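In what follows, every heavy atom counts, from backbone to side chain, and hydrogens, waters and symmetry copies are set aside. Quantities reported herein were computed from a predicted structural model and do not represent experimental measurements.
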Amino acid sequence: MKIATAAYPLDWFDNWAQYEDKLSAWVAEAATQGADLLVFPEYGAMELSTLAGEEVAADLQRSITTVSERMEQAAALHQTLAAEHNVYILGASAPVHAGYDLPVNRAEFYSPCGKRDHQDKQIMTMFERDPWKIGAGGPLKIFDTALGKIGVLICYDSEFPLLGRALAEADILLMPSCTEALAGYWRVRIGAMSRALETQCVTVQSSVVGAAPWTTSVDINVGTGGIFGPPDTGFPATGVLAEGELNQPGWTYAEVDVKTIADVRADGVVRNRSHWPEQEQRIKTSRIRLKR
């Protein structure tokens, strides 16, 4: 398969048609390049708050509500584009009022046959806890697709090994991110590369990039797209299948063969995924010695 991962800038829209045009152009570009799986970033849907005007877009809680109200309309557009171009799409995540005590950070996953499902973020960053007031949603899932088994770890979730381990059956882990500083981008990237090593799978990072001065929530964004694997048999020695140029909008592409993932898990130089349980026994027998 061919994977396309986005370095995605946020834009101002005066009407819905402008958003339709933008998303349609992005999807068409990746599809024209032969992509089968398209990955948009965390909180990329915050640009939909501009449809309610400057006052709402600049107000954190009102922008969350207005974006949430637009997500079914956005889902219909994504479903149409996925079917039209015969691609799978992980849509940009959004804060959604979904029946929990707090809004959740949700990324929708669309198939070319018209089906959709979603993945909610598991662990909130400090700014999501306060002032955003975003909470954890539903559990982790694995989507069984014609491309292979796909999981999603949204941004901060990628930095937690046990969440990655919970998705150990996945061939591909998608990691949409939104980071305001270079350090944040690298935290997610290091998480993505670490999960690829531990689970011996392919990980895909997407990023919001550039400035969005009309908002107080995602006004500064640093990052790029990247596709990673274990630095082992069948993969690059660096573990980097593809990486974009920092802060430059556009798609980053890589060819991925699911058979290569199965092969490295079975016959790699190291076997992190299958040897993972050995940690538990070693930890049980460990002793901490303190020097006086």
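In terms of heavy atoms, C201 sits closest to A170 at CB-O, 3.9 Å. Taking both residues in full, the closest heavy atoms of K141 and Q119 are given as N-OE1, 2.9 Å, listed atom of the first, atom of the second, then distance. Heavy atoms only, all atoms of each residue included: T238 and P231 are closest at C-CB, 4.2 Å. In terms of heavy atoms, V222 sits closest to N247 at CA-OD1, 3.3 Å. Of all heavy-atom pairs between G164 and L153, the closest is CA-CD1, 4.0 Å. Nearest heavy-atom pair across S63 and S49 is CB-CB, 3.8 Å.
A 6.0 Å sphere centred on CD of Q18 holds more than 12 heavy atoms belonging to other residues, nucleotides or ligands. Other residues, nucleotides and ligands contribute at most 12 non-hydrogen atoms within 6.0 Å of the CG atom of D101. Dense packing is recorded around CD of Q279, with more than 12 heavy atoms of other residues, nucleotides or ligands lying under 6.0 Å away. Under a cut-off of 6.0 angstrom, the local environment of CD in Q33 is crowded, with over 12 non-hydrogen atoms contributed by other residues, nucleotides or ligands.
Side-chain contact between R195 and P161 is present, with heavy atoms from C-beta onward closer than 4.5 Å. Under the 4.5 Å side-chain criterion, counting only non-hydrogen atoms from C-beta, I150 is not in contact with Y88. Residues E169 and D144 have side chains not in contact (no heavy-atom distance under 4.5 Å, counting atoms from C-beta outward). For the pair E128 and K121, the minimum side-chain heavy-atom distance is below 4.5 Å. Under the 4.5 Å side-chain criterion, counting only non-hydrogen atoms from C-beta, T252 is not in contact with E243. Between I154 and P176, the closest side-chain pair of non-hydrogen atoms falls below 4.5 Å. No side-chain heavy atom of V264 sits less than 4.5 Å from a side-chain heavy atom of T260. Considering only heavy atoms from C-beta on, T233 stays 4.5 Å or farther from D267 through its side chain.
The ring pair (Phe, Tyr, Trp, His ring centres under 6.0 Å) test applied to Y156 returns F160, not counting sequence neighbours. Looking at residues two or more places apart in sequence or on another chain, you find a salt bridge (Lys or Arg N to Asp or Glu O under 4.0 Å) between R106 and D120. Annotation: ring pair (Phe, Tyr, Trp, His ring centres under 6.0 Å) contacts of Y19 (sequence neighbours excluded): F13, W16.
A donor-acceptor pair under 3.5 Å is formed between the side chain of Q200 and the backbone N or O of V270. Remark: the backbone N or O of L147 is paired with a side-chain donor or acceptor of T145 at under 3.5 angstrom. Y100 places a side-chain N or O within donor-acceptor distance of the main-chain N or O of G138, the cut-off being under 3.5 Å. Side-chain atoms of W276 do not come within 3.5 Å of backbone N or O of T199 as any donor-acceptor pair. A donor-acceptor pair is defined here as one N or O able to donate and one able to accept, closer than 3.5 Å; no such pair exists between the side chain of Q73 and the backbone of R70. Checked by atom type and distance alone, the side chain of Q61 pairs as donor or acceptor with a backbone atom of W132 at under 3.5 Å. Between the side chain of S206 and the backbone N or O of F40 there is at least one donor-acceptor pair closer than 3.5 Å. At least one donor-acceptor pair under 3.5 Å links the side chain of S24 to the backbone N or O of E20. Formation of a donor-acceptor pair under 3.5 Å by the T215 side chain with backbone atoms of A212 is not found in this model. Although no hydrogens or angles enter the test, the distance criterion places a donor-acceptor pair under 3.5 Å between the side chain of Q79 and the main chain of G114.
Under a hydrophobic clustering in which Ile, Leu, Val, Met, Phe, Trp and Tyr are joined whenever their side-chain heavy atoms come within less than 4.5 Å, directly or via other members, W251 and F228 fall into different clusters. When the side chains of ILVMFWY residues are joined at heavy-atom separations under 4.5 Å, either directly or via intervening members, L48 and L60 end up in a single hydrophobic cluster. Connection of L140 to V188 is not established within any shared hydrophobic cluster, with ILVMFWY side chains joined at heavy-atom distances below 4.5 Å, either directly or through further cluster members. Clustering ILVMFWY residues whenever any of their side-chain heavy atoms sit less than 4.5 angstrom apart, transitively, puts I190 in the very cluster that holds L182. There is a path of hydrophobic side-chain contacts, each under 4.5 Å, that joins I261 to M1.
Taking OH from Y43 and CG from N221, the interatomic distance works out to 12.5 Å, rounded to the nearest 0.5 Å. Summarising the geometry, atom SG belonging to C178 is positioned 7.0 Å from atom CG belonging to L10; distances are rounded to the nearest 0.5 Å. Expressed to the nearest 0.5 Å, how far CE of M175 lies from CG of D157 amounts to 9.5 Å. For the atom pair W186 CH2 and L246 CG, the distance stands at 9.0 Å (nearest 0.5 Å). With rounding to the nearest 0.5 angstrom, the CD atom of Q281 is 9.5 Å from the OG atom of S286. Remark: T224 OG1 to Q248 CD distance equals 8.5 Å, nearest 0.5 Å.
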**Message:** Before you tell me yes or no, could you show the steps for T32 and H85 under side chain to side chain contact (heavy atoms under 4.5 Å, CB included), namely the whole-Å CA-CA distance, both residues' side-chain angles and the distance that decides it to 0.1 Å?
**Reply:** CA-CA 9 Å; T32 299; H85 295 284; over 6 Å; no
**Request:** Go through R282 and T285 one step at a time and tell me if the side chain to side chain contact (heavy atoms under 4.5 Å, CB included) criterion holds.
**Result:** CA-CA 5 Å; R282 300 312 305 166; T285 60; 3.9 Å; yes
**Asked** Going through the distances and angles, do V202 and F235 end up as a side chain to side chain contact (heavy atoms under 4.5 Å, CB included)?
**Response** CA-CA 10 Å; V202 169; F235 290 90; 3.8 Å; yes
**Request:** Under the side chain to side chain contact (heavy atoms under 4.5 Å, CB included) rule, what do V256 and L37 come out as? Steps first, then yes or no, please.
**Result:** CA-CA 11 Å; V256 173; L37 171 62; over 6 Å; no
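Here D171 pairs with R265 in a salt bridge; the nearest charged N to carboxylate O distance falls below 4.0 Å.
Looking only at atom types and distance, the side chain of T50 has no donor-acceptor partner in the side chain of E47 under 3.5 Å away.
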